[in-house]
Trainee: 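What follows is a single structure, and I will ask about it in a moment.
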Amino acid sequence: MTQPPANRLAHETSPYLLQHAHNPVDWYPWGDEAFAAARAQDRPVFLSVGYAACHWCHVMERESFEDARTAALLNERFVAVKVDREERPDVDGIYMDAVQAMTGAGGWPMSVFLTPDGRPFYAGTYFPDEPRHGLPAFRQVLEGIADAWSSRRDEVEVQGARVTEAIARAGQLAASSEPLGDAIAQDAFARLRPSFDARWGGFGGAPKFPQPMTLEFLIRRAQRGAPDALEMLVVTLDRMAGGGMFDQVGGGFARYSTDGAWHVPHFEKMLYDNAQLAQLYTHAWLVTRDDRLRDIATRTLDYLLREMRQPLGGFSSSQDADTEGVEGRFSTWTWDELVATIGEPAAEAFGATPEGNWEGTNVLRAPSGVEAIAARHEIDPGELRGIVAGAPEILLEARERRVHPGVDDKVLSAWNALAIRALAEAGSAFEQPVYVDAAARCAAFVWEHLRDRTGRLLRSWRDGTASVLAFADDHALLASAFLRLYETTFDVRWFVAARGLCEDLLRLFRDEERGGFFQTGTDADPLVLRPKELYDNAVPSGNSAAAEALLRLASFTGEARYERAGLSALELVREAMASAPTAFGYALCALDLHVGPSVEVAIAGAPADPGTLELIREVRASYRPNLVLAVADPGDAAATADVPLLADRPLVDGRPAAYVCERFVCRTPVTRTEDLAALLSEGATRTQAPGRTA
């Protein structure tokens, strides 16, 4: 008896795959079974890649994958494979390279046709159910591919070989032998400046993405005295937070803005965006002390805690753009709704109009023009300011009664790592234990539930089941998060876990021949090629993340092998960093860490001792991205044994003492905060040297 098509995806854990479990298409999940079927039946593979929060993925499903005629054609002539790009970034990365090589663009849903051995020969993204916007109908594409497979097989095989060879070249790059210095970062900043939008902030035009890694690079350039870097950063952060891409009611950021002014978002919300942006706004607050930036950071983290945190402490991956089949329905407002809830003057202050400012509804912006609106309505400006200040809470209460967007509740190691780090850094900077506790709870969840019996890290967890061997970025980002959590809590288990992850990174992913790191481990199932992720996209690439994690670990341990391995990842992209800075924002930050000077601070003293706390507070008083901090009572044998930076650091005259070091060469220890501040300021001054280095 033939198994119903739905059952092939019904046993998967990915919410995206489960959304398709009842399509009439005979879907397979990615794996040997699908490709064995393609070989046995001599059929091409249709690979469809998307994710749960993807609007156009839902559209293509409704138009084509739920259509009986289209499904019958797919089932008769193809082996159809459905992949969640968030669960299998390796598969997504390989075939997105193919889409871009063949079409010059990419996106999701991704539609790729493969030979039974996995080589791509035709590709696209969304195809409509009828010809429109210059695109053929999906059924026309299927019929054309099926005809080519049966009548022009040789051409198909040749095309597949050519495309596979083209996309394999990135993995064949060898590390540069030229030195890595600040001149690369200076050139990158010089190339970045002309693309800056002076009016609205950000880089380029619509659609406009927040690019938090590039903005982190701006903070570092500002610290080195780069002209305009801080202004570019602050303008961008202000404009992003003032538009509709930031949820003015509930906090948190949508994925991107459809326009250049950050007004109308693509309404899906991603964990990785909000984690990185919360961290970015925290860092910017440390530099500027502008409380507006702190407010955006905390509102973003509060959104994550309220709507994305699961009962066991992990964070879900995303929230949909659509509700009840309509994009933005949950987040937008009619004029009448606003007037009835907060009054006409407050509605105007949030940028709303009776006609609506987007498709007949209103996307709210940050309040402005309160004085003029109050005068026009002949009401007291102070009274209106009070109404406007309380409006988000009132609107949130009203919005809670709506149908909520769907949530992709799988927990991903790499994305949760970003959340752990953001929460730990904000908890430290703002002295908010609730964020630190959330970071520690999430870390404990990941460490307990996203490893197999051997201790091997896994990528994805949902509803009690963990699956998919973790990738290089999972290991590296989690190692960095655990190091940051250690620096926040001084719980040595997080340092030990971070070091173990870095050892696994070196053992499973390092390319000893050409340098850098493969995306998949040596224990992973083989693909058509072994990918090597180089570009920082929405999340840091595996190579950029590995560089940062290993360089930071080297600062704690003094072990040159970690530094050498980390630098090999940067050497792969040495020239590319300068020429395409928006594609290498995280790599450029890792480069800045290497250029240094990096500073190691070891504080000898019980973490709860008031004298120790004063020294810790001084270290945390400013944004110091190239500083690592270790703290322990000298009598804590486990801590001093596990963290090399803490070895042989006694108290001074019975008082807690700070040891400030560079590459483990330390200054005379100090016990007073003013002396510690002076030593740290010396290091900060050296980072601002304007001269170019080789």
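All of these numbers come straight from a predicted model, not from anything done at the bench.
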Trainee: Would you compute the distance between atom CZ of Arg617 and atom CG of Leu676 and round it to the nearest 0.5 angstrom?
Mentor: 13.0 Å
Trainee: Any non-hydrogen side-chain atom of Asp408 less than 4.5 Å from a side-chain atom of Glu86?
Mentor: yes
Trainee: Could you tell me whether a side-chain N or O of Gln276 sits under 3.5 Å from a main-chain N or O of Tyr272, the two making a donor and an acceptor?
Mentor: yes
Trainee: So how far is it from Ile219 CD1 to Leu286 CG, rounded to the nearest 0.5 Å?
Mentor: 9.0 Å
Trainee: Are the side chain of Ser480 and the backbone N or O of Leu477 linked by a donor-acceptor pair below 3.5 Å?
Mentor: no
Trainee: List the atom of Thr282, the atom of Ala429, and the distance in Å for their closest heavy-atom pair.
Mentor: CG2-CB, 3.8 Å
Trainee: So does Ala590 get a backbone contact from the side chain of His594, meaning a donor-acceptor N/O pair under 3.5 Å?
Mentor: no
Trainee: Do NZ/NE/NH1/NH2 and the carboxylate oxygens of Arg484 and Glu487 come within less than 4.0 Å?
Mentor: yes
Trainee: Answer whether the closest heavy-atom distance between the side chains of Leu551 and Glu548 falls below 4.5 Å.
Mentor: no
Trainee: Are Arg655 and Asp609 ion-paired here, with the side-chain N under 4.0 Å from a carboxylate O?
Mentor: no
Trainee: Between Arg421 and Glu425, is there a side-chain N and carboxylate O pair less than 4.0 Å apart?
Mentor: yes
Trainee: For Leu508 and Phe518, what are the C-alpha separation, side-chain angles and deciding distance, and is it a side chain to side chain contact (heavy atoms under 4.5 Å, CB included)?
Mentor: CA-CA 9 Å; Leu508 294 170; Phe518 292 107; over 6 Å; no
Trainee: Do Gln310 and Cys442 have side chains that approach each other closer than 4.5 Å (heavy atoms only, starting at C-beta)?
Mentor: no
Trainee: Answer yes or no: are there more than 12 heavy-atom neighbours, outside Asp648 itself, under 6.0 Å from its atom CG?
Mentor: no
Trainee: Given side chains that start at C-beta, do those of Cys666 and Val660 come closer than 4.5 Å, heavy atoms only?
Mentor: no
Trainee: Are Leu550 and Arg561 close enough that some pair of their side-chain heavy atoms sits under 4.5 Å apart?
Mentor: no
Trainee: Could you pull out the closest heavy-atom pair between Ala549 and Ala476, with the gap in Å?
Mentor: CB-O, 3.6 Å
Trainee: Give, for atom CG of Leu469 and atom CG of Asp452, the distance between the pair rounded to the nearest 0.5 Å.
Mentor: 7.5 Å
Trainee: Does the ring center of Phe495 lie less than 6.0 Å from the ring center of Phe556?
Mentor: yes
Trainee: Taking all heavy atoms of Gly521 and all of Arg456, pick out the closest pair and write down the distance.
Mentor: CA-NH2, 4.3 Å
Trainee: Got a donor-acceptor contact below 3.5 angstrom from the Ser176 side chain to the Glu178 backbone?
Mentor: yes
Trainee: Under a 4.0 Å N-O cut-off, is there an ion pair linking Glu87 with Arg459?
Mentor: no
Trainee: Take Phe315 and Leu423 through the side chain to side chain contact (heavy atoms under 4.5 Å, CB included) test and state the conclusion after the steps.
Mentor: CA-CA 12 Å; Phe315 287 86; Leu423 286 161; 3.8 Å; yes
Trainee: Nearest heavy-atom pair of Leu305 and Ala438: which atoms, and what distance?
Mentor: CD2-CB, 3.7 Å
Trainee: Considering non-hydrogen atoms only, spot the tightest contact between Pro210 and Asp273 and give its length.
Mentor: CG-OD1, 4.5 Å
Trainee: Looking at Phe509, does the NZ or CZ of Lys532 lie under 6.0 angstrom from its six-membered ring centre and within 45 degrees of the ring axis?
Mentor: no
Trainee: Within the side chain of Asp675, is there an N or O that forms a donor-acceptor pair under 3.5 Å with the backbone of Thr671?
Mentor: no
Trainee: Distance-only, no hydrogens or angles: does the Arg552 side chain make a donor-acceptor pair with backbone N or O of Val628 under 3.5 Å?
Mentor: no
Trainee: With a 4.5 Å heavy-atom cut-off, do Val573 and Asn543 have their side chains touching?
Mentor: no
Trainee: Roughly how far, to the nearest 0.5 Å, is CG of Asp187 from CG of Asp182?
Mentor: 9.5 Å
Trainee: Assess whether side chain to side chain contact (heavy atoms under 4.5 Å, CB included) is satisfied between Phe430 and Arg294, documenting all intermediate values.
Mentor: CA-CA 8 Å; Phe430 305 144; Arg294 173 177 175 153; 3.7 Å; yes
Trainee: What's the shortest heavy-atom distance between Arg574 and Leu180, and which atoms?
Mentor: CG-CD2, 3.8 Å
Trainee: Answer with yes or no after comparing the ring centroid distance for Tyr281 and Phe253 against a 6.0 Å cut-off, counting only values under it.
Mentor: yes
Trainee: Quick one: do Arg667 and Glu682 satisfy salt bridge (Lys or Arg N to Asp or Glu O under 4.0 Å)? Show the steps, please.
Mentor: CA-CA 12 Å; Arg667 306 289 294 272; Glu682 288 180 19; 2.9 Å; yes
Trainee: How many angstroms lie between CG in Leu527 and CD1 in Ile94, if you round to the nearest 0.5 Å?
Mentor: 4.5 Å
Trainee: Evaluate salt bridge (Lys or Arg N to Asp or Glu O under 4.0 Å) for Asp523 paired with Arg507, printing each intermediate quantity in order.
Mentor: CA-CA 10 Å; Asp523 54 351; Arg507 178 174 58 87; over 6 Å; no
Trainee: Could you tell me the separation between the CG atom of Leu505 and the CG atom of Leu478, rounded to the nearest 0.5 Å?
Mentor: 11.5 Å
Trainee: For Ser544 and Ser541, indicate whether the former's side chain and the latter's backbone hold a donor-acceptor pair under 3.5 Å.
Mentor: no
Trainee: Could you check if a side-chain atom of Asp84 sits within less than 4.5 angstrom of a side-chain atom of Lys410, using non-hydrogen atoms only?
Mentor: yes
Trainee: Are the side chains of Asn626 and Asp592 in touch, meaning some heavy atoms are under 4.5 Å apart?
Mentor: yes
Trainee: Tell me if the aromatic rings of Trp447 and Phe482 count as close, with their centers under 6.0 Å from one another.
Mentor: yes
Trainee: Is a donor on one side and an acceptor on the other found under 3.5 Å between the side chain of Arg530 and the backbone of Pro526?
Mentor: no
Trainee: Under the side chain to side chain contact (heavy atoms under 4.5 Å, CB included) criterion, do Phe217 and Phe584 qualify, and how do the steps go?
Mentor: CA-CA 10 Å; Phe217 172 61; Phe584 295 98; over 6 Å; no
Trainee: Name all pairs fulfilling the side chain to side chain donor-acceptor pair (under 3.5 Å) condition that reach into residues 490-499, sequence neighbours left out, sorted by first residue then second.
Mentor: Asp491-Arg493, Arg499-Glu559, Arg499-Tyr562
Trainee: Quick check: are there more than 12 heavy atoms from other residues, nucleotides or ligands sitting under 6.0 Å from CZ of Arg663?
Mentor: no
Trainee: Apply the test salt bridge (Lys or Arg N to Asp or Glu O under 4.0 Å) to residues Glu216 and Arg220: give CA-CA distance (whole Å), side-chain angles for both, the deciding distance (0.1 Å), then the verdict.
Mentor: CA-CA 7 Å; Glu216 291 277 7; Arg220 289 169 175 264; 5.7 Å; no
Trainee: Before accepting this row, confirm whether a basic side-chain N of the pair Arg299/Asp302 lies closer than 4.0 Å to the acidic partner's carboxylate O.
Mentor: no
Trainee: May I ask you to decide if Ala284's main-chain N or O and Thr288's side chain share a donor-acceptor pair within less than 3.5 Å?
Mentor: yes
Trainee: Strictly by side chain to side chain donor-acceptor pair (under 3.5 Å), give each pair with a member in residues 461-471 just once, sequence neighbours left out.
Mentor: Asp409-Arg462
Trainee: Are the side chain of Ser316 and the backbone of Ser318 linked by a donor-acceptor contact shorter than 3.5 Å?
Mentor: no
